[in-house]
Amino acid sequence: MDRNPKPTSILESLGEEIIRIVAPVSICMLLVVLLVTVLDANSSSDSSSLTTIATIAYNEDTSDSIWDKLKGALLNSLVFVAVVTVVTFVLVLLFYLRCTRFLKLYMGFSAFVVLGFMGGEIALFLIRDFSFPIDCITFLLVLFNFTVVGVMAVFMSKMAILVTQGYLVVIAILVAYWFTLLPEWTTWVLLVAMALYDLAAVLLPGGPLRLLVELAMSRDEDIPALVYEARPVTNHDSSPRPVMVERRVWKERMSLASGMGVSSTSGSNSDFNTNSVFDSNSMSATLSSATNGQNETRLVITGDHLLSEGASQLSAPLISRPLQRTNSTRVGQEEVSTENFHLEGIGLGSSGAIKLGLGDFIFYSVLVGRAAMYDFMTVYACYLAIIAGLGITLMLLAFHQKALPALPVSVLLGVLFYFLTRFLLEVFVVQCSLHLLMF
Amino acid sequence: MTVAAGLGYALAALGPSLSLFVAVISKKPFLILTVLSSTLLWLVSLIALSGLWRAFLPLKSTAWWPYGLLIITSVGFQEGLRILFWKVYKRLEDILDAFADRMSKPRLFLTDKMQIALAGGLGHGLAHAVFFCLSLLTPAFGPATFYVDKCPQIPFFLISAIISLGFVTIHTYSMVIAFNGYAEGKRIDQIFVPVIHLVAGMVTLINLASGGCIIGIPLLYFLAVLTLLYCGKLVWRRLTESRSRQ
């Protein structure tokens, strides 16, 4: 390995993994906000006719009193969370009975429905609004091709990773847009309810998501679901060496020195520049802290061998478990229950990359989209709150080293900032700005 | 007035910071995280201030001193937060240095530290521009425009964009000066930053008078250019010093 003439500082590549997750989340949120603002004018007439599982109990009317609206929203959210719980348990059961093929087919089918029907309907809205000159046959052809490529990208793992990532983000955008069409109170209470459900389902011992993840771990399999996987970070001054990455890198943890003050323990951490192979009886993985967390030398375990990659540093900072979620939306006239979508929580991919469930993308975007329906100031505030929540979740993950859901902190912070901005900040800023007073 | 005008106003306020972001900050992921966290910190300070002042708003009086009090409290609070930011940064620097030692890589260079300070300042400036200018620009994308009584020569959106540009410059570079001042222990740098911030805030009070913006805005830009030059001189001095030491 030849030496670089000038040693590169650590600032060059620190934090890259986090950015590789923050960037697609930001793009998803931005596109949902754009869609919401562009398609704004015609949403007021459609919202009353939208009947989904989320509004089955109560359909909001602007003339109802506040107490009625609150009760109705709570009822709606309870029904929704109940449906989601039941379907998740069904999923756990199916996974337990090893019906993986059925689950994968269902995943492909739901991707087809989302891209084809929901995507088609949104495209029709856009065409109508902008008077885009396109005829039926061309439109159908383009839509069909788009959908089929999307299903293949989701189904097969051999596609170019950018295509897969792009399609996953598109699916998240479409589902999030449809969620923003729900009435206002229902949306906010639903978000909080889902955050609390997520917390319960992952942390409680009987929670369905925890069961699912433990099943997957014990069987050493991947959960078949729609999950966004960021590309793993490889350090450039490494000689390319085939790294055998073991899938389950979360079996036992030896926390190596991480930036946040966790003490360094592992002795095999010492020489970084040797590529020696150690024998080890236990499987263990390294963690680096979520904030610095990258380019830590990763000890990669294959069976009983510990392969120490000095130079090639595939960082794999995060642990927890992917969680599962179901989703029900209305498509045209029929009710389609789409499942298997949203793995929530942050997990470790089979190649060591960070995985974030699609459900997280969707609910973050719903929050920001709903904030966009009020004003842009709330959008910026909620965006910052969600990103901060994501960062906090990553840090907590590095500390506690067990399954943590990604939804609660971000959503609760987002909702808090929305209400604070709407009721406190806006008056203050508008007052100051109109008098041209700034600081 | 139209989408083009709205975009124009947005770029007038944020253009230089965008180019700074793309050229310097987007290359290093850690700096992007620094920008995001300092933006969040500024937002939190703004929310705290608005919570504090909510009971008194909207200020109905035409006298200037309630507004002066508002500005003084806000600037004081934010400067206090800057010191807190510095303390957090010091701890972070130690952690990063320890991390670098473990990875057998060199410790943080002087340019690295200054880039982190720049990113922090840019975050503050970005937050200011976003919340004081961009979030009010939504009507500008529509078919009409808006004028303020006190300054009827230029549309309101343009004035706020220009003022925001001045403040973005001040925030960005005063963070570099402040961090340098705290690191070296130089009193004059440490005092320079809060004074400039306070004076800039008070200068905008001139805008309360009718037609005052004609005087207020050039004064603000004078302060912004002063900050820029001071920062440039400081950075040049430190870089030549460190280079001559090597």
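Just so it is clear: chains get the letters A, B, ... in the order the sequence lines come, proteins before strands, and each one is counted from 1.
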Note to self: Just to be sure I understand the criterion: a residue of residues 428-439 of chain A counts if one of its heavy atoms is under 4.5 Å from a heavy atom of chain B. Which ones qualify?
What the structure shows: A:Phe428, A:Val429, A:Val430, A:Gln431, A:Cys432, A:Ser433, A:Leu434, A:His435, A:Leu436, A:Leu437, A:Met438, A:Phe439

Notebook entry, point to check: Using non-hydrogen atoms only, which part of B:Leu137 is less than 4.5 Å away from chain A: side chain, backbone, both, or neither?
Noted result: neither

Checklist line | When B:Ile32, B:Val44, B:Leu46 are compared by non-hydrogen pairs under 4.5 Å with chain A, the top option | finding: B:Leu46

Margin query: So which atom in B:Ala100 and which in B:Arg107 form the shortest heavy-atom distance, rounded to 0.1 Å?
Written below: CB-CA, 4.3 Å

Note to self: Would you compute the distance between atom CG of B:Leu70 and atom CG of B:Leu49 and round it to the nearest 0.5 angstrom?
What the structure shows: 8.0 Å

Margin query: Any non-hydrogen side-chain atom of B:Lys28 less than 4.5 Å from a side-chain atom of B:Asp112?
Written below: yes

Notebook entry, point to check: Can you tell if the side chain of B:Phe179 reaches within under 4.5 Å of the side chain of B:Met114, non-hydrogen atoms only?
Noted result: no

Item checked: Proximity breakdown for B:Phe156 and chain A, heavy-atom pairs closer than 4.5 Å -> side chain

Next item on the list: For chain A, find which of B:Lys150, B:Lys27, B:His128 contributes the most heavy-atom pairs closer than 4.5 angstrom.
Entry: B:His128

Notebook entry, point to check: For chain B, which residues from residues 24-33 of chain A lie under 4.5 Å away (heavy-atom distances)?
Noted result: none

Next item on the list: Considering non-hydrogen atoms only, spot the tightest contact between B:Ala10 and B:Leu134 and give its length.
Entry: CB-CD2, 3.5 Å

Next item on the list: Specify the closest pair of heavy atoms between B:Val168 and B:Ala13, including all atoms of both residues, with the distance to one decimal.
Entry: CG2-O, 4.4 Å

Margin query: Test side-chain contact (heavy atoms from CB on, under 4.5 Å) on B:Val130 and A:Phe376; report intermediate values, then the result.
Written below: CA-CA 10 Å; B:Val130 160; A:Phe376 272 103; over 6 Å; no

Next item on the list: In plain terms, say whether A:Glu16 and A:Arg20 are close enough for a salt bridge, that is, a side-chain N and a carboxylate O under 4.0 Å apart.
Entry: yes

Note to self: Does any backbone or side-chain atom of B:Leu205 lie under 4.5 Å from a heavy atom of chain A? Answer side chain, backbone, both or neither.
What the structure shows: both

Next item on the list: Locate the shortest heavy-atom distance separating B:Leu81 from B:Ser45; write the atom from each residue and the value.
Entry: CD1-CB, 3.1 Å

Notebook entry, point to check: Can you find a side-chain donor-acceptor pair between B:Trp53 and B:Ser74 that sits under 3.5 Å?
Noted result: no

Notebook entry, point to check: So what's closer than 4.5 Å to chain B heavy atoms on A:Leu424: side chain, backbone, both or neither?
Noted result: both

Next item on the list: Flag the pair B:Thr172 / B:His124 as yes when at least one side-chain heavy-atom distance between them is below 4.5 Å, and no otherwise.
Entry: no

Next item on the list: Would you indicate whether the side-chain heavy atoms of B:Phe77 and B:Arg82 approach each other to under 4.5 Å?
Entry: no

Note to self: Taking the side chain as everything from C-beta on, heavy atoms only, tell me whether A:Tyr418 gets closer than 4.5 Å to A:Trp188.
What the structure shows: yes

Next item on the list: Please look at B:Leu36 and chain A and tell me whether the side chain, the backbone, both or neither of the residue comes under 4.5 angstrom of a heavy atom of that chain.
Entry: both

Notebook entry, point to check: Quick one: of B:Ile163, B:Val75, B:Val148, who has the most non-hydrogen atom pairs under 4.5 Å with chain A?
Noted result: B:Ile163

Checklist line | Residue B:Cys151 versus chain A: region with a heavy atom under 4.5 Å | finding: side chain

Notebook entry, point to check: Is the shortest heavy-atom distance from the side chain of B:Phe146 to the side chain of B:Pro139 under 4.5 Å?
Noted result: no

Item checked: Contacting region of B:Ile217 [heavy-atom separation from chain A under 4.5 Å] -> neither

Note to self: Less than 4.5 Å to any heavy atom of chain A: does that hold for the side chain of B:Ile159, its backbone, both, or neither?
What the structure shows: side chain

